[in-house]
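As C-alpha cells, the structure follows; a few thoughts come after it.
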Amino acid sequence: MKKINISKEDLNTFFKNNGGTIAKKTGLSLLVLAMIAAICLSIYCVAAYTNLRITVDLSDEKQTVQGFGASMAWTFQRMGEEGTDEVKRQAIEMLYGDSGLKLNIARFNIGGGSADSNLDDVFPYNNGWFDPDRRAESFFKAENYLNASDEELFAAFADESNYDFTRDAGALEMLDMALATGSIDKIVFFANSPHYLMTVSGTCTGAEVQQNNLKEEFYEAYCDYILIIVDNLVEKHLSGLDNVPEVVISPVNEPQWDWGGEGSSQEGCHFDPEPLAKFYDVFLDKLQEFNGENGTSYKCDVLESGNYKFYIDRKDIKEYLEEMSKYDYFDDIGYISAHSYGADDSKKHREKYQNYIDKNYPGLGISITEYCEMENGRFDTIESGLLLGNVISRDLTMLNAIDWNWWLAVSPCDYNDGLVYWDVLEDGSQKLSVLKRYYVMGQFSRYIEKGDVRVGATCSDLTGWANLDYSVYKRADGTVVVVIINNSKSAKNVTVGGLSDYTKAVEVVTTAATQTGWEEKETSWTGKVSLPGQSITTYVLTK
C-alpha cells in the first residue's frame, strides 16, 4: 500500500477553506438529532405516562390452563428425614395449602441410584463438584446385580420383586403430606437419568460431555423400570385418595445439556436428537401397551427441553422436533414440555420459537415444566420477583403454555432456585423463609384455577414503553381473573375495557416493593385501576 504524507500546512489550508461548510453540516446534524430525540421523548411520554387502556375480548379463547407446580426433587429427600414435624407441616402448607401458593401440580423425582454407597469413590461423585443433596436414591435393588450380565439385568429390571418401595422414604413422606392437602390434581414422575446400571458410563452422568449415556439395548429395560416404579408409587400413595391425580411420566430431562465430564454436579443424561426420538418411539409404544394391559391412563411428558431457545453452536430444540416428527407418535403427543432457562423474560426468544412452531408444527402446545433464576444468592427484591412474574406471564401469553412450574419447591442453598428456603441454624433449630418471588408466584397460582381459559387482551401501548405485562382468564362460572404487572418504577393508571358486565365486588391482590405479602381487599369494579410502581396486581371479578 502506498504511503500518503499530509503536512500540517495542508491541513490548516483545508480547514480554512472548508471550516464553515463543516460547521454548518455539523450544526445541521446536531439539530436533526435533537429533533429526533425530542420526538422520541414525546412518543415515550405519551406511551408511558398517559392513561393506558387494556381491552379484553372474552370471546377470544386461547389455551386452557392446567395449573401451577414445582419440583419435589432433592431437598424433599433430606427434609423428610431431618426436618422437624413443624417445619415439614409448614412447608407443605406454604406450597399446597389454602393459605399458601395452592399449587396443584407436583413433580416427583425418580432417582437413578447415584446415592448408592458403592459409588462413593467413583467419578464424578468424588470430584468435589457433585452436590451430595443431588445424589438420588433408587428403588431398584442394584446391590444384587452389580456384576450381572446384560441379559440378567434385562430380566431383573422387569421383575417387581427387585424393587424396594420403602426406599427414598423422606421424599415419599413429603409426597404423602402434599397429597393429603387435596390440592394436587396432577403429579409428574420425572427422571434426570436412567438407573446407572443401564448407562454407558456406569454412573448417572456421562464419562464425557454430551455422551449418549443410555445404552440403546437398554431402551426397553428402562421403560420396564420406570413403568414398574410409577405404577407401584401410584398404588401405594395415590390409589386411596378421594380424587386420584392425573399421572404423567417424564423419562427424559434436558437431553441437550452436557451431563458429563468434569464439573458434573447432579444426575443427568444427554441424548442427541436421533437417539432421543428413537427412545420415545419405544417408550410410547410400551406406555400404550402398559395402559391397555393394566387399565391405567398414564400420560407422557415428551422432551423436557432445557429451554426453547435456538442456538448456532449446539443442538437445539428444532433438531429434536425434526427428528421426533419423523415418527408416527409425534402427531399424537399434543404438546411438548420445555424449560425457560436462558430465555428468562425475553420476548424475542418466545416470538422466534412460536413463529417456528406456527410455521412447522401448528397446534403443538407447550408445558413449561421448570425454571429458576440461575444466580448465586437469595434475591429478596421486587426486581427478582417481577422477573419471575414476567417469565410466567410471557410464557402463558406468548407461548400459550398449558401449565407453568418452578424448579425447587424447597431449597437449602444460597442460590435463587427455591420458592421456600429451609435453613438449619447453628443451635440446631430450623426455619423457613420466602422471597418476593414466592408472593409473585401466588399472584398466579392462588387465583388462576385449573380449567380457566386465557382470553385475548390488547393494550393501547403499542410501543411497549409503558412496561406493562398482563393476562386475562375466564372461568366456567363467569369469574374473570386479570393479572397486570407494572415493571416501571412510576405508578400507572389503566382502564380495563371489555368487562362492563362486572360491576360487583372485586378482590385486589398486590405484591410490590414496599409490601411483604399478599394484601386483599374488596372494592367496586369501574374498569379504572391504579397500579403502584414495580408491582403485580391480580383482580378477581364476579358479576
Side-chain angles (χ1 to χ4, degrees), residues 57 60-71 104-105 107 186 188 248 250 253-256 301-311 316-322 324-325 330 333-374 386-407 440-441 443-445 448 450-459 464 468-474 481-485 487 536:
D57 184 355
D60 183 17
E61 297 187 352
K62 308 294 184 181
Q63 80 273 28
T64 299
V65 179
Q66 299 300 312
F68 299 85
S71 170
N104 70 305
I105 301 173
R107 289 175 54 81
K186 175 181 176 180
V188 180
V248 179
S250 179
N253 194 273
E254 300 184 339
Q256 70 266 59
D301 259 0
V302 174
L303 189 55
E304 290 254 26
S305 175
N307 63 40
Y308 42 77
K309 288 173 59 176
F310 297 152
Y311 294 91
D316 65 33
I317 195 169
K318 295 195 302 295
E319 296 175 80
Y320 289 90
L321 291 173
E322 287 167 6
M324 290 191 296
S325 67
F330 188 79
I333 60 175
Y335 72 93
I336 60 167
S337 53
H339 305 165
S340 292
Y341 294 115
D344 296 313
D345 59 354
S346 166
K347 293 182 179 181
K348 178 188 70 175
H349 289 308
R350 288 168 176 80
E351 289 170 349
K352 191 171 183 179
Y353 170 81
Q354 196 56 50
N355 288 338
Y356 174 81
I357 293 297
D358 290 342
K359 179 180 178 181
N360 295 280
Y361 310 104
L364 182 66
I366 191 169
S367 166
I368 301 300
T369 50
E370 192 176 310
Y371 176 76
C372 75
E373 188 177 352
M374 299 185 72
L386 293 184
L387 171 64
L388 172 59
N390 288 318
V391 171
I392 297 174
S393 181
R394 293 170 190 180
D395 282 343
L396 291 171
T397 59
M398 300 182 72
L399 302 183
N400 299 310
I402 60 173
D403 56 30
W404 201 95
N405 299 264
W406 177 260
W407 173 216
V440 171
M441 181 84 171
Q443 300 279 163
F444 294 92
S445 63
I448 301 169
K450 179 179 180 178
D452 288 0
V453 178
R454 188 176 72 83
V455 297
T458 57
C459 184
L468 296 181
D469 259 82
Y470 53 90
S471 56
V472 184
Y473 311 82
K474 70 177 183 180
V481 180
V482 181
V483 185
I484 308 177
I485 302 171
N487 292 292
I536 175 170

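- Of the possible donor and acceptor atoms, one in the side chain of Ser337 sits under 3.5 Å from a partner among the backbone N and O of Val302.
- Contact of the Leu303 side chain with the Pro255 side chain is registered, since non-hydrogen atoms from C-beta on lie closer than 4.5 Å.
- One finds no salt bridge joining Asp316 and Lys309 here, because no Lys/Arg side-chain nitrogen approaches an Asp/Glu carboxylate oxygen to under 4.0 Å.
- Counting heavy atoms from C-beta on, the side chains of Met441 and Trp404 come closer than 4.5 Å.
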- Please test Glu322 against Asn360 for side chain to side chain contact (heavy atoms under 4.5 Å, CB included), starting from the C-alpha separation and ending with a verdict. CA-CA 9 Å; Glu322 287 167 6; Asn360 295 280; over 6 Å; no
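- For Glu370 and Tyr341, the side-chain atoms include at least one donor-acceptor pair closer than 3.5 Å.
- Side-chain contact between Phe444 and Phe68: present, with at least one pair of heavy atoms (C-beta onward) separated by less than 4.5 Å.
- Counting only distance, with no hydrogens or angles, the side chain of Tyr361 and the backbone of Ser325 share no donor-acceptor pair below 3.5 Å.
- A 4.5 Å side-chain heavy-atom check between Val391 and Arg350 finds at least one atom pair inside the cut-off.
- Smallest separation of non-hydrogen atoms from Ala70 and Asn405: N-OD1, 3.9 Å.
- Two residues are said to be in side-chain contact when any heavy atoms from C-beta on lie closer than 4.5 Å; Asp403 and Lys450 fail this criterion.
- Side-chain contact check for Ile336 versus Tyr308: every heavy-atom pair is 4.5 Å or farther apart.
- When all heavy atoms of Gly67 and Ile105 are compared, the closest pair comes out as C-CD1, 3.7 Å.
- For the residue pair Asp395 and Ser340, the shortest heavy atom distance occurs at OD2-OG, 2.7 Å.
- Atom CD1 of Ile357 sits about 5.0 Å away from atom CG of Leu364, to the nearest 0.5 Å.
- Side chain of Arg394 to main chain of Asp345: a donor-acceptor pair is present (N/O by atom type, distance under 3.5 Å, no hydrogens or angles).
- The shortest side-chain heavy-atom distance between Trp406 and Tyr371 falls under the 4.5 Å cut-off.
- Listed here is the closest heavy atom pair of Ala457 and Val472: CB-CG2, 4.0 Å.
- Here the side chains of Lys347 and Met398 are in contact, with some heavy-atom distance below 4.5 Å.
- In terms of heavy-atom proximity, Met324 sits nearest to Phe330 at O-CB, 3.3 Å.
- In this structure, Glu304 contributes its side chain and Thr369 its backbone to no donor-acceptor pair below 3.5 Å.
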- Item | Gln256 vs Glu319, side chain to side chain contact (heavy atoms under 4.5 Å, CB included): CA-CA, chis, key distance, verdict | CA-CA 10 Å; Gln256 70 266 59; Glu319 296 175 80; over 6 Å; no
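- A donor-acceptor distance shorter than 3.5 angstrom exists from the side chain of Gln63 to the backbone of Leu396, with no hydrogens or angles considered.
- Put simply, CD1 on Ile366 and OG on Ser305 are 8.0 Å apart, with the number rounded to the nearest 0.5 Å.
- The distance from the CD1 atom of Ile485 to the OG atom of Ser393 is 4.5 Å, given to the nearest 0.5 Å.
- With values rounded to the nearest 0.5 angstrom, Ser445 atom OG is found 7.5 Å from Ile392 atom CD1.
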- Query: Given the rule in the side chain to side chain donor-acceptor pair (under 3.5 Å) test, do Ser367 and Asp301 qualify, once you have shown the distances and angles that lead to the verdict?
  - Reply: CA-CA 9 Å; Ser367 166; Asp301 259 0; 4.8 Å; no
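- To the nearest 0.5 Å, the span separating OG on Ser346 from CG on Asn390 amounts to 11.5 Å.
- Every residue two or more places apart in sequence or in another chain that forms a side-chain contact (heavy atoms from CB on, under 4.5 Å) with Thr458 is listed here: Thr55.
- Rounding to the nearest 0.5 Å places OH of Tyr470 at 14.5 Å from CD1 of Ile536.
- Checking Asn400 against Tyr335 by side-chain atom types alone, no donor-acceptor pair falls below 3.5 Å.
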